[in-house]
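Convention: sequence-line order gives letters A, B, ...; per-chain numbering from 1. Basis for what follows: all heavy atoms, side chains included, without hydrogens, waters or symmetry-related copies. Because the structure is a prediction, the values reported are computed rather than measured.
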2 protein chains.
Amino acid sequence: METRHAVTARTSPESARDIPEATVARLPIYLRALTTLSEQGTSTCSSEELAAAAGVNSAKLRKDLSYLGSYGTRGVGYDTDYLRYQIAREIGVTQDWPVVIVGIGNLGQALANYSGFRSRGFRVVALLDADPARHEEVVAGIDVRPFDHLEQIVRDHAVAIGVIATPALAAQDVADRMVACGITSILNFAPTVLNVPDQVDVRKVDLSIELQILAYHEQRKAASA
Amino acid sequence: METRHAVTARTSPESARDIPEATVARLPIYLRALTTLSEQGTSTCSSEELAAAAGVNSAKLRKDLSYLGSYGTRGVGYDTDYLRYQIAREIGVTQDWPVVIVGIGNLGQALANYSGFRSRGFRVVALLDADPARHEEVVAGIDVRPFDHLEQIVRDHAVAIGVIATPALAAQDVADRMVACGITSILNFAPTVLNVPDQVDVRKVDLSIELQILAYHEQRKAASA
DNA sequence: CTCGGTTTGTTCTCGCGTTCACAAACTCCT
DNA sequence: AGGAGTTTGTGAACGCGAGAACAAACCGAG
């Protein structure tokens, strides 16, 4: 949880209970667990059940949900679909978020094809790449377009979220251009530290860092054996 | 250095201090920043410089490094290459870790092709997929093999780390088989909660969860504007 | 050798997040 | 209606991590 959202004092009009960052990070997990339960025909679930499905402690789950309001019934539990809707609304995925993906290498293609986006409130409105050789291609039913089109696309579709799947060297440039176009949230897959203004949120997904963390623990296991 | 303890000289010769999880998660970032600095010809760097390159607070950086030992020189800073080696050794990436990737869809292919693995101490020794139609393919110079070969491959290459890039429905089965074969660290890209024994480490990378977290903050921004 | 300037390593404090434990609230059965 | 059995929501305790601040240690000049 290295995101530093807490610093930017985002004054909210009213009733803006500010939900702890750690809780926000878990809400999508609960959302997914609820969807699974619902598909299995479970119309009501207890905090124990839901916590088990989400892989967390039930006390933590209840405290997390308490930040949203009182959507449960004591002695009974939670209505699966009702709670699911409330969480989705709180996260903001009841509406559709247009997303731009920049960098159509292997990872960018994987992202473009990932069906989990569309089904969860995100719509890929454009794929951009700097390499002219790729502008002929169609990936996941979407034309790959020149990076220069970014500004127009952001304006036309009111894009607020950008995904960077370029090599590390290009990432900072892409981020700068995104910020200049008015994008305020960036999901960065490039293995580099991005420098952006405070009001822009950046989340980083780094494959090799995750593996290195596993390697550390693996080494400890081997050493103690 | 500090309290003259007569008792605690019992710990194992090197790296027995347990490093906080939050610090472990940042060590790979420092490692990458040091590599970048080194490539730029910087032979010595202060905690300020390194912290800036890694995108963290300098006090936090110094505290993190202090868990590893005293590898800096007061009044001077850190020797870039020396510190880099020490961190790499602590993480365990001075040795090579064999890795198996299961599920050769778009994401699996992207992972197989990701050069950042090999350059950081990881070697993909096998690509596995349950679909027989894929067993003809060669991805990133590696034959795609049947999932049944898992046990033999794990034994032959002493694999400890497995990567799951399958659909959500298959993930738990794959994890079970991995655990049964002796794999003790799993990197899971499937959008599902894995159930594994305590001694097995699991790290989860979930693309749509990251986007949902961004969406939440984006919604807050829009509401307060 | 000494002194001023610099940077590390560490101590201390504070705030956040996790977990426990329990009162409040609901259902169902008699 | 009342009591037994559940389950939620939350107050309180606790541990961990972040950041500020500072003493210790090092370099170089004179």
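In this structure, CG of B/Leu65 is placed 16 Å from P of C/dT7, rounded to the nearest angstrom. Going from atom NZ of A/Lys60 over to atom P of C/dA21 covers 17 Å, rounded to whole Å. Rounded to whole Å, the distance from CG on B/Leu68 to P on C/dT10 is 12 Å. D/dT7 atom C1' lies 13 Å from atom CG of A/Leu50, rounded to whole Å. We find that CG of A/Leu61 is positioned 12 Å from P of C/dT19, with the value rounded to whole Å. For A/Leu83 and D/dT7, the CG to C1' distance is 14 Å, given to the nearest whole Å. Between the OH atom of B/Tyr30 and the C1' atom of C/dT8 there is a distance of 15 Å, given to the nearest Å. Look at CD1 on A/Ile19: it is 12 Å from P on C/dG17, rounded to the nearest Å.
Neither side chain, B/Thr94 nor B/Arg89, offers a donor N or O lying under 3.5 Å from an acceptor on the other. Counted by atom type alone, B/Gln172 and B/Asp176 present one or more donor-acceptor pairs between their side chains at under 3.5 Å. Judged purely by distance below 3.5 Å, without hydrogens or angles, the side chains of B/Asp64 and B/Tyr30 pair a donor atom with an acceptor atom.
With DNA chain C read from its 5' end, the first of the two nearest nucleotides for A/Thr73 and A/Asn57 is the one closest to A/Asn57. Residue A/Gly75 is the one, among A/Asp64 and A/Gly75, whose nearest nucleotide of DNA chain D lies closer to the 5' end (criterion: closest heavy atom). Comparing B/Lys63 and A/Val76 by the nucleotide of DNA chain C whose heavy atom lies nearest to each, the residue mapping closer to the 5' end is B/Lys63.
Within residues 36-49 of chain A, no residue has any heavy atom under 4.0 Å from DNA chain C.
With distances taken from any side-chain atom of B/Glu21 to the nucleotides D/dA24, D/dG9, D/dG17, the minimum falls on D/dG17. Distances were taken from every side-chain heavy atom of B/Arg74 (C-beta onward) to each of C/dG17, D/dA18, D/dA25; the shortest belongs to D/dA25. Of the candidate nucleotides C/dT18, C/dT8, D/dT8, D/dT8 has the atom nearest to the side chain of A/Tyr78.
Taking a cutoff of 4.0 Å between a charged side-chain nitrogen and a carboxylate oxygen, A/Asp206 and B/Arg32 qualify as a salt bridge. Between A/Arg84 and A/Asp79 there is no salt bridge, since none of the side-chain N atoms of the basic residue sits less than 4.0 Å from a carboxylate O of the acidic one.
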Residues A/Arg220, B/Asp18; criterion salt bridge (Lys or Arg N to Asp or Glu O under 4.0 Å); working and verdict: CA-CA 9 Å; A/Arg220 301 293 303 252; B/Asp18 48 328; 5.9 Å; no
Going through the distances and angles, do A/Tyr71 and A/Tyr82 end up as a ring-ring contact (aromatic ring centres under 6.0 Å, His included)? CA-CA 8 Å; A/Tyr71 296 132; A/Tyr82 180 61; 5.7 Å; yes
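Contact check, B/Arg62 against D/dA20: no side-chain N or O comes under 4.0 Å of OP1 or OP2.
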